[in-house]
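On a predicted model such as this, the values are computed, not experimentally measured, just so you know.
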Amino acid sequence: MADLRSTFLNVYSVLKSELLHDPAFEFSLDSRQWLDKMLDYNVPGGKLNRGLSVIDSYRLLKDGHELNDDEIFLASALGWCIEWLQAYFLVLDDIMDNSHTRRGQPCWFRVPKVGMIAANDGVLLRNHIPRILKKHFRGKPYYADLLDLFNEVEFQTASGQMIDLITTLEGEKDLSKYTLSLHRRIVQYKTAYYSFYLPVACALLMVGENLDNHVDVKNILVDMGTYFQVQDDYLDCFGAPETIGKIGTDIEDFKCSWLVVKALELSNDEKKKVLYDNYGKPDPANVAKVKALYDELNLQGVFAEYESKSYEKLVTSIEAHPSKAVQAVLKSFLGKIYKRQK
């Protein structure tokens with residue numbers, strides 16, 4: 001895996017160099033330096049799980065056959081397109097949320113001299129994806145399908161972000177809107193499609209599959225993405241900050257978190273009042289009251305039960321799939337996230 005990671009990072013350097021010398025634009029020294037710094041700051045700094053999953057999935061779909069250098073390069077290039085998409089979302093997301101840190105460093109728009117130039121940088125990151133696809137996949141029979149796939153998933157993610165943002169509008173905080181079905185819709189569109197379905201869909205296209213024949217795979221991956229986000233919501237409150245790499249703020253930010261939805265479901269009127277009075281307030285005393293209520297309702301136990309049931313359901317769905325290679329891809333994804341601590 002370490003070897004695969006270093007190969008993957010080498011491909012980033014190749015793609016970056018191509019973008020810094022894209023013939024469609026006449027770069028000045030300043031603009032090339034800016035782009036170089038902006039890419040290094042925003043694209044390769046995460047866990048790279050989404051990008052590496054494309055190579056993993058492609059290898060498994062080829063029944064474990066060793067990939068040649070060209071196949072590894074192309075699978076890596078698609079993996080990086082997903083990392084570029086992620087970087088584009090995060091740069092803009094941090095501006096919208098007025099966040100301070102990302103991946104242990106200041107958000108890009110908080111870096112001195114960057115500010116709102118970050119909005120245009122986000123647009124640039126988005127535009128790099130079709131540049132990479134055109135350069136490396138234009139001659140492939142699945143080129144049009146790749147463009148369609150990235151456009152569709154981007155649309156779904158931006159629409160999910162819209163639901164999330166309009167639900168947490170300042171001055172219109174209304175907990176009665178928060179239900180499991182709303183939580184699922186936000187998660188499905190904002191996270192599951194691009195984080196879980198997109199890497200596998202890229203690998204399926206590379207082996208010549210038609211995505212219309214794999215709706216069941218999409219549904220399983222969306223369920224997995226939902227489970228992943230519920231874990232995230234849980235860790236935001238109950239995870240150790242030194243393990244998860246950030247201090248959770250879902251309570252303060254009035255997020256439609258799985259925990260608050262469950263708490264509302266399990267509360268009588270008196271307990272609901274505690275939530276209504278304290279949820280979404282930045283004061284540590286308010287946050288402490290919400291956390292105390294979560295403990296009182298035993299949400300850690302409720303989550304543990306949800307986790308084991310979700311896992312069983314996912315394993316059953318995966319094992320019902322007729323293709324052993326597709327089962328291997330889905331089990332590989334599930335293995336990476338089951339009972340994770342960060």
> Are D223 and R184 within salt-bridge range, i.e. N to O under 4.0 Å?
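Yes, D223 and R184 are salt-bridged.
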> To the nearest 0.5 Å, how far apart are CZ in R5 and CD1 in I55?
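The CD1 atom of I55 is 11.0 Å from CZ of R5, to the nearest 0.5 Å.
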> Could you report the tightest heavy-atom contact between V111 and P106, atom names first, then the distance?
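Looking at all heavy atoms of both residues, the closest pair is CG2-O, 4.5 Å.
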> Can you find a pair of side-chain heavy atoms, one from L74 and one from K140, that are under 4.5 Å apart?
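In contact.
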> Is there a side-chain contact between F25 and L19 (heavy atoms, below 4.5 Å)?
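F25 does not reach L19 side chain to side chain.
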> Just so I know, are the side chains of I163 and L182 near enough to count as touching, which here means a heavy-atom distance under 4.5 Å?
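Of all side-chain heavy-atom pairs linking L182 with I163, at least one is under 4.5 Å.
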> For Y276 and D269, test the side chains for any donor-to-acceptor distance below 3.5 angstrom and give the result as yes or no.
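Looking only at side-chain atoms, D269 and Y276 do not form any donor-acceptor pair under 3.5 Å.
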> So how far is it from E270 CD to L293 CG, rounded to the nearest 0.5 Å?
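Here the interatomic distance stands at 10.0 Å.
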> To the closest 0.5 Å, what do you measure between OH (Y178) and CG (L259)?
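So the gap between those two atoms works out to 13.0 Å.
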> Kindly check if the number of other-residue, nucleotide or ligand heavy atoms within 6.0 Å of NZ (K313) is above 12?
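Atom NZ in K313 is not packed in, count stays at 12 or less.
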> Determine, stepwise, if the pair W84 / Y12 fulfils ring-ring contact (aromatic ring centres under 6.0 Å, His included).
CA-CA 10 Å; W84 246 269; Y12 166 75; 5.7 Å; yes
> For this output row, return yes or no: ring centroids of Y193 and Y189 closer than 6.0 angstrom.
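Between Y193 and Y189, the centre distance is under 6.0 Å.
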> Are F228 and S195 close enough that some pair of their side-chain heavy atoms sits under 4.5 Å apart?
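Counting from C-beta outward, F228 and S195 never come under 4.5 Å.
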> So, taking the atom named CG in L78 and the one named CD1 in I129, what distance separates them when rounded to the nearest 0.5 Å?
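Nearest 0.5 Å value for the CG-CD1 distance: 11.0 Å.
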> Please walk me through it: do L211 and Y142 pass side chain to side chain contact (heavy atoms under 4.5 Å, CB included)?
CA-CA 11 Å; L211 294 180; Y142 52 88; over 6 Å; no
> Distance check, rounded to the nearest 0.5 Å: T101 atom OG1 versus R110 atom CZ?
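Those atoms lie 9.5 Å apart.
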> Hey, do the aromatic rings of Y88 and H128 have their centres closer than 6.0 Å?
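They do not qualify: ring centres at least 6.0 Å apart.
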> Does any donor atom in the side chain of Y227 or Q231 lie under 3.5 Å from an acceptor atom in the other side chain?
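A pair is found: one side chain offers a donor N or O, the other an acceptor, under 3.5 Å apart.
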> Are more than 12 heavy atoms, taken from residues, nucleotides or ligands other than D69, located less than 6.0 Å from that residue's CG atom?
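No - once you tally the heavy atoms of other residues, nucleotides and ligands closer than 6.0 Å, there are 12 at most.
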> Looking at R59 and E71, is there a salt bridge between them, counting it only when a charged N and a carboxylate O are closer than 4.0 Å?
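So E71 does not pair with R59 through a salt bridge.
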> Please lay out, stage by stage, how K135 and D22 fare under the test salt bridge (Lys or Arg N to Asp or Glu O under 4.0 Å).
CA-CA 10 Å; K135 180 154 183 76; D22 192 319; over 6 Å; no
> Indicate the atoms forming the closest heavy-atom contact of S267 with L297, along with that distance.
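The pair with the smallest heavy-atom distance is OG-CD1, 3.6 Å.
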> Is any side-chain heavy atom of Y41 closer than 4.5 Å to one of V114?
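In short, these two side chains do not touch, never coming nearer than 4.5 Å.
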> Taking the inter-plane angle between the rings of F238 and Y234 on a 0 to 90° scale, is it parallel (under 30°), tilted (30 to 60°) or perpendicular (over 60°)?
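Because their plane-to-plane angle lies in the 30° to 60° range, the rings of F238 and Y234 count as tilted.
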> Can you tell me how far the SG atom of C237 sits from the CG atom of D250, to the nearest 0.5 Å?
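Rounded to the nearest 0.5 Å, the SG-CG separation comes to 8.5 Å.
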> Taking the side chain as every heavy atom from C-beta outward, state whether N49 and F333 have any pair of such atoms under 4.5 Å apart.
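Of all side-chain heavy-atom pairs linking F333 with N49, none is under 4.5 Å.
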> Near D283 CG, under 6.0 Å, is it more than 12 heavy atoms from other residues, nucleotides or ligands?
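Atom CG in D283 is packed in, count exceeds 12.
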> Salt-bridge test for K309 and E312: reply yes if a basic N is under 4.0 Å from a carboxylate O, no otherwise.
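Here K309 does not pair with E312 in a salt bridge, since their nearest N and O are not under 4.0 Å apart.
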> Of the non-hydrogen atoms in T167 and K177, which two are nearest, and what is the gap between them?
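Answer, listing the atom of T167 first, then K177: O-NZ, 4.4 Å.
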> Indicate yes or no: at least one non-hydrogen side-chain atom of E18 is less than 4.5 angstrom from one of L15.
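Side-chain contact under 4.5 Å: yes.
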> Go through the steps to decide whether Q188 and Q156 satisfy the test side chain to side chain contact (heavy atoms under 4.5 Å, CB included), and finish with yes or no.
CA-CA 9 Å; Q188 176 180 346; Q156 288 167 320; over 6 Å; no
> Among D164, D236, D233, which residue satisfies the salt bridge (charged side-chain N to carboxylate O under 4.0 Å, His left out) criterion with K255?
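Running salt bridge (charged side-chain N to carboxylate O under 4.0 Å, His left out) over D164, D236, D233 with K255 returns exactly one hit, D164.
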> Aromatic rings Y311 and Y338: how do their planes relate, parallel, tilted or perpendicular, breaks at 30° and 60°?
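Answer is parallel, since the angle falls under 30°.
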> Could you tell me whether the side chain of W80 reaches within less than 4.5 Å of the side chain of L48, counting heavy atoms only?
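In short, these two side chains touch, coming nearer than 4.5 Å.
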> Please find the pair of heavy atoms, one from A75 and one from V54, that lie closest to each other, and give the distance.
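Minimum heavy-atom contact is O-CG1, 3.5 Å.
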> Return yes if a side-chain donor-acceptor contact under 3.5 Å exists between Y194 and E154, otherwise no.
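Side chains of Y194 and E154: no pair found under 3.5 Å.
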> Please determine whether the number of non-hydrogen atoms from other residues, nucleotides or ligands lying under 6.0 Å from atom CZ of F155 exceeds 12.
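Not buried by this count: 12 neighbours or fewer within 6.0 Å.
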> Just wondering, are more than 12 heavy atoms of other shown residues or ligands nearer than 6.0 Å to CZ in R185?
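Open: at most 12 neighbouring heavy atoms sit under 6.0 Å from CZ of R185.
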